[in-house]
Chemist: 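Below you will find the structure I want to go over with you.
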Amino acid sequence: MKIKALDVKAGDRIIAYCKNKRQICKVKQILDLGQNNVTLSVFTSEHYRGCLVSCVVRFQGEALVELVS
């Protein structure tokens, strides 16, 4: 299912490009929710030294983001 980037909430699982790979990410928090862009902090399913890897992804506000069930 796809939703607008502006409608993404913390805790949602989405598909995004993170660390140069398209992968399933869990939204940790919304860093910036502007009119034109949405900036999210997400966790990937990868681990580094026992911790979940996190990264920042950005979408245009009208972009469609794929949710994972």
Side-chain angles (χ1 to χ4, degrees):
M1 180 170 92
K2 293 188 179 191
I3 62 170
K4 285 187 181 179
L6 291 171
D7 296 331
V8 173
K9 297 178 271 213
D12 285 347
R13 293 176 60 214
I14 63 171
I15 295 180
Y17 279 93
C18 185
K19 307 289 184 195
N20 296 323
K21 291 192 307 189
R22 187 173 184 262
Q23 56 188 317
I24 296 173
C25 303
K26 184 173 183 178
V27 179
K28 178 175 147 183
Q29 72 183 88
I30 299 169
L31 299 175
D32 183 30
L33 189 60
Q35 290 286 343
N36 298 324
N37 295 312
V38 177
T39 306
L40 307 171
S41 175
V42 298
F43 288 121
T44 67
S45 57
E46 297 177 1
H47 287 79
Y48 177 73
R49 294 188 181 181
C51 298
L52 286 173
V53 175
S54 65
C55 62
V56 174
V57 293
R58 290 181 180 85
F59 295 100
Q60 291 184 349
E62 294 298 316
L64 293 177
V65 178
E66 190 170 343
L67 283 177
V68 177
S69 302

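The structure presented is a predicted model; accordingly, all values stated were derived computationally and were not measured.
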Chemist: Taking only residues at least two apart or on different chains, which pairs with a member in residues 52-65 satisfy salt bridge (charged side-chain N to carboxylate O under 4.0 Å, His left out)?
Modeler: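 Only K4-E62 qualify under salt bridge (charged side-chain N to carboxylate O under 4.0 Å, His left out).
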
Chemist: K9: what forms a side chain to side chain contact (heavy atoms under 4.5 Å, CB included) with it, not counting sequence neighbours?
Modeler: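 With neighbours one apart ignored, the set is D12.
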
Chemist: Working to the nearest 0.5 angstrom, can you tell me the gap between R13 CZ and F43 CZ?
Modeler: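 R13 CZ to F43 CZ: 14.0 Å, rounded to 0.5 Å.
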
Chemist: By side-chain hydrogen bond (donor to acceptor under 3.5 Å, both in side chains), which residues pair with E66, not counting sequence neighbours?
Modeler: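 Residues passing side-chain hydrogen bond (donor to acceptor under 3.5 Å, both in side chains) with E66: R22.
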
Chemist: Under 4.5 Å side-chain heavy-atom separation, chaining through any Ile, Leu, Val, Met, Phe, Trp or Tyr, what else clusters with L40? Say none if it is isolated.
Modeler: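 Hydrophobic cluster check, L40: joined to M1, I3, L6, V8, I14, V27, I30, L33, V38, V42, V57, F59, V65, L67.
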
Chemist: Taking the hydrophobic residues Ile, Leu, Val, Met, Phe, Trp and Tyr, and joining any pair whose side-chain heavy atoms are under 4.5 Å apart, which ones share a cluster with V68?
Modeler: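 Via sub-4.5 Å side-chain contacts, V68 links to I15, I24.
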
Chemist: Check which hydrophobic residues are tied to V56 through side-chain heavy-atom contacts below 4.5 Å, counting indirect links as well, and list them.
Modeler: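 L31, which link up through side-chain heavy atoms under 4.5 Å apart, make up the rest of the cluster.
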
Chemist: Ignoring hydrogens, what is the shortest heavy-atom contact between K19 and C55? Give both atom names and the distance.
Modeler: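 The answer is CE-CB, 4.3 Å.
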
Chemist: Mind listing the closest non-hydrogen atom pair of A5 and Q60 along with its distance?
Modeler: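 For A5 and Q60, the tightest heavy-atom pair comes out as CB-O, 3.5 Å.
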
